[in-house]
Structures are given as structure tokens and as C-alpha cells.
Asks: 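Below: one structure in C-alpha cells.
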Protein chains: 2
Amino acid sequence: MNEEAQDMRIRNKRATREAIGAAALRLAIEQGSPLVRVYDIASEAGVSPRTYNNYFSSREEAICAFQSDRARKMGQALLARPADEPLAEAVVAAVVEHATPEPDRVGLRMIMSTPELEGEALKAFAMAEEPLSAAIAERIGVDPARDTFPDVMAAAVAGAVRVAGRHWLNGDGRESFADVARRTLTHLLPAITRAAP
Amino acid sequence: MNEEAQDMRIRNKRATREAIGAAALRLAIEQGSPLVRVYDIASEAGVSPRTYNNYFSSREEAICAFQSDRARKMGQALLARPADEPLAEAVVAAVVEHATPEPDRVGLRMIMSTPELEGEALKAFAMAEEPLSAAIAERIGVDPARDTFPDVMAAAVAGAVRVAGRHWLNGDGRESFADVARRTLTHLLPAITRAAP
DNA sequence: CCCACAGATTGCGTGCCACGCATATAGTGC
DNA sequence: GCACTATATGCGTGGCACGCAATCTGTGGG
């Protein structure tokens, strides 16, 4: 049962990590990010402050943990798409998967409007680039160390999703995030499809 | 002479800001970013520690100030290109301008390999996006609040330059940064030229 | 020439936080 | 039941951001 025991531990760690992250996000939304104290986050999550920073090394990281995990999943979603699917379709599908359930408007707006969280949010999006690049490289069969195409496309796609989030927030709220993301990705399609004829 | 006096003050502020930023970068390269103390940066720049954080609110911000200013200039460079130049050419030209003089390899490598600085570096690149987007929007005559194209392209271009930096660092050093950047931007050209027929 | 004023620098005090170290606890395999 | 490892926690230390108030500096007016 070694593996299962390890799984148990991993699950537990993930659970507390998510608990802390959720607590941090909730408090940041309620009180505003700069006012949140580490002690409060830890209390809310039911752990010691010392334990809190076994998981996160800054308040920003804890608040944006949700975004980070989302971004990671977006990259992995592309890897999981069927290999015979055209690259452009696979990318759009992976992004749309990642967009469900709809992001939390209030939380996203809080993050976007807080300069201190901006860097962390950008890091979260950047985290999606490596798996995206790997998936693209594998799909079109090039070496990402030699050819810059996968990295460039990954960065462009991540950027398009980020821009979609911004426009979705500023919009009138009647368009779903997935639709906005589809529109932004459309602008990239000529570049994406060019390399996968 | 009111205006000139104001100019003088602005120049002075800019000078001390650059002095502090340069000192921070130099010390970070020499000793490694986490070992640099605020007191040392301030001493090196000839100001008080208290003055240092009138200009920067974190060590990371000071160390990456040079990158931030660079990124800003890249955005403004596009605005300054002749209006009749095709968008794709103007973008490439602006990036190449921004690439001279060649970035400092050691400094860039230090920043790229320090996780704490990663967020700040990403913020620096993101700063270039707004002027880039504005320039693109003006050039093709669309409203950036309605049309996502300028923002998406700005993010893609900034991402391509960032990727170029990474590949340039990992390369054998015989290719200039400008050349690598040209290659990465080439991958975006189909998307860029599509909207400016 | 002196004064008033605004902007910039600086010193000091306060509160917050990241992190190393040592310890307690819990869950696992033998 | 026992040894072991991973995790949680307490405590202490050092560093840093920032508010506040005093000081310094350069500028323009009387």
C-alpha cells in the first residue's frame, strides 16, 4: 500500500494547500488584499501561521494559488487532447475546458486591480506556457530547444487568454468568458495553423 | 523658468532612480539576488535606505528597473515609427531598436534564473503591452476597448520578445539577440499581417 | 538680500513577515 | 509494538515596507 499511502499524503497536502489558498482568496476579496494578515489566513484555514508558509512564501502566492492551478490545468488539457485533432482546434478546446466553470468575477477583478498581485498573476499564466509549449512541440513534431515556434505560440496563447480575462471583466457581462477567449484566440489562428498544414 | 526647474527636478529624480536601479542590479549580479541587502543598495547608490524605498517598494522592483524602462521604450518606439510603415515591419523595427545595445547576458541570466525576480520581469514585459497595443490600435484604426486584436497582438509580441531572450540565453552565443527576436516575431507575422491588408 | 514655499531626503519607530531550528505529532512499514 | 519519515507547530531572529515628522535644498517673490 505504499503508493496509496503516498497518494493519501499527496491528497492531504493538496487539500490543505487548497484550503489555505481558498481562505486567502476569500479574505482578500472581503477585506482587500493589503489588509489581509497572514495570521488571519492561517486561522481561516485552520492551520498555524508557520504551517501557512510551509506552503506559500508570500501572501500574493497564496491568494493567486487558484489561478496558478487553473493555468497548470490548461496546459495539461492540451496534452490530453486527441493527437489527430488539428492544433488550432485542440488549443481552443483546451482553453474552453479550462474556462469551465466560469471564473469568479469579483476575485478576478480584485486580482487584476491590485498591483501587488499583478506579478503573481502573470507568473500563474506563465506557468501554463511550458506544458503548452511541450504539447505543441509534440503535436507538430519539432524540438522546442531548436525551434522557437512552440514557445512563441505558447506565450501568445497564454497572453490571449489573459487579455480575454481583462476584456471579459470590462465587458457588459453578457458574453461568457469562453466566448471572449474564442475571439482572442481567433486572432492568433493564422499564426498557429500556418505551421500545421 | 518654472518649466525648466521642473524638468531639472524630473531629471534628478530619474537620475537617482537609475542610480539605485543600477546599483541594485550590479550587487544582485555580484552577490546573488537573495543576499543583497537594502542597506547595501542604498549605500552603493549614495542615498539613504529610506530614500531607496521612496523609489522602489521591493528589492525585486529595483533590480528589474532596467528591464522595466527597456520595455517601456520598446512600446514607445513603435509609436514613433512612421505611420505609413506596414504594421509587421514597424513592430520588428521597434523591437530591434529596443534590442540595442545588446542586453547584458549575465544580468539577464541572473534574473531569469531567480524565481523571486520572475514575477517582476514578467511585469516589466507586461508594461510594454499597453503602449504596444495603443500603437497598433492607432495604426490600424480600431478601438482597443471594442476590438481585442491590438491587446492580443501586443501580448503576443511581448511574449515573443521574452521567449527570444530565453532562447538567446540558452543558445551558443553566436547569434545576436536581434536576430533571435526576428525569428520569434516571424512566427507571429501571419497573424499580424492578416489585419492590415 | 532675506523670506516663504515646495519638493526631496533622511531618521526613527512600528508592525509584519519569511525562514531556520528544534520539537511534537501522526501515519506507515516491518 | 517499534523505528522511521513526513508533516505541523512554537519560538526566535533578521529584514523590510511604510507612516510621520524634521531637515535640507533649490526656486521665485518682495
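Hydrogens, waters and symmetry mates are skipped; everything else that's a heavy atom, side chains included, is used. Only a predicted model underlies this, so the values are computations on that prediction, with no experimental measurement involved. Below, chain A is the first sequence line, B the second, and so on; all start at residue 1.
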Asks: May I have the distance from A/K13 (atom NZ) to D/dA6 (atom C1'), rounded to whole angstrom?
Replies: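 Rounding to the nearest Å, NZ of A/K13 and C1' of D/dA6 are 8 Å apart.
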
Asks: Could you go through nucleotides 15-18 of chain C and list every protein N or O atom that sits under 3.5 Å from one of its N or O atoms, giving the distance for each pair?
Replies:
| residue | atom | partner | partner atom | Å |
| --- | --- | --- | --- | --- |
| C/dC17 | OP1 | A/V38 | N | 3.4 |
| C/dC17 | OP1 | A/R59 | NH1 | 3.4 |
| C/dA18 | O5' | A/S57 | O | 3.4 |

Asks: Please report the closest heavy-atom contact between A/W168 and A/F177, naming both atoms and the distance.
Replies: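 Nearest pair, atom of A/W168 first, then A/F177: NE1-N, 3.3 Å.
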
Asks: Can a salt bridge be assigned to the pair B/D104 and B/R109 using a cut-off of 4.0 Å between side-chain N and carboxylate O?
Replies: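 Result for this pair is no, no salt bridge flagged.
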
Asks: Backbone N or O of B/E116 within a donor-acceptor pair of the B/T114 side chain at under 3.5 Å?
Replies: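 Here the side-chain-to-backbone pair does not exist.
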
Asks: Tabulated below should be each protein N or O lying under 3.5 Å from an N or O of nucleotides 21-23 of chain C; please produce it.
Replies:
| residue | atom | partner | partner atom | Å |
| --- | --- | --- | --- | --- |
| C/dC21 | N4 | A/R50 | NH2 | 3.2 |

Asks: Under 4.0 Å from OP1 or OP2 of D/dT9: is there any side-chain N or O of A/T51 that close?
Replies: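 Yes.
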
Asks: Check every atom of C/dT10, C/dA8, D/dG10 against the side chain of B/Y55 and return the nucleotide holding the closest atom.
Replies: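 For B/Y55, the side-chain atoms sit closest to C/dA8.
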
Asks: Count the heavy atoms of every other residue, nucleotide or ligand shown that sit under 6.0 Å from CZ of A/F56, and state whether that count exceeds 12.
Replies: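 Yes, because the 6.0 Å sphere around CZ of A/F56 holds more than 12 heavy atoms from other groups.
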
Asks: C/dG20 C1' sits how many Å from A/N54 CG, rounded?
Replies: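 Checked: the CG to C1' distance equals 11 Å.
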
Asks: In whole Å, what is the span from the CG atom of B/D40 to the P atom of D/dG14?
Replies: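 Whole-Å distance recorded here is 16 Å.
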
Asks: Any idea which heavy atoms bring B/A23 and B/I41 closest together, and the distance?
Replies: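 That closest heavy-atom pairing would be CB-O, 4.0 Å.
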
Asks: Does the pair A/R162/B/E129 count as a salt bridge with the N-to-O cut at 4.0 Å?
Replies: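 Salt bridge present between A/R162 and B/E129.
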
Asks: Is the shortest distance from a Lys or Arg side-chain nitrogen in A/R183 or A/E175 to a carboxylate oxygen in the other one below 4.0 Å?
Replies: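 A salt bridge is present here (some side-chain N lies under 4.0 Å from a carboxylate O).
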
Asks: Report the distance from atom NE2 of A/H187 to atom CD1 of A/I192, rounding to the nearest 0.5 Å.
Replies: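 The distance works out to 12.5 Å.
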
Asks: Just how far, in rounded Å, is C1' of C/dG27 from CG of A/N12?
Replies: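 In whole Å, C/dG27 C1' and A/N12 CG are 10 Å from each other.
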
Asks: Would you kindly give the CD-to-P distance between B/Q31 and D/dG15, to the nearest whole Å?
Replies: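 So the two atoms are 13 Å apart, to the nearest Å.
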
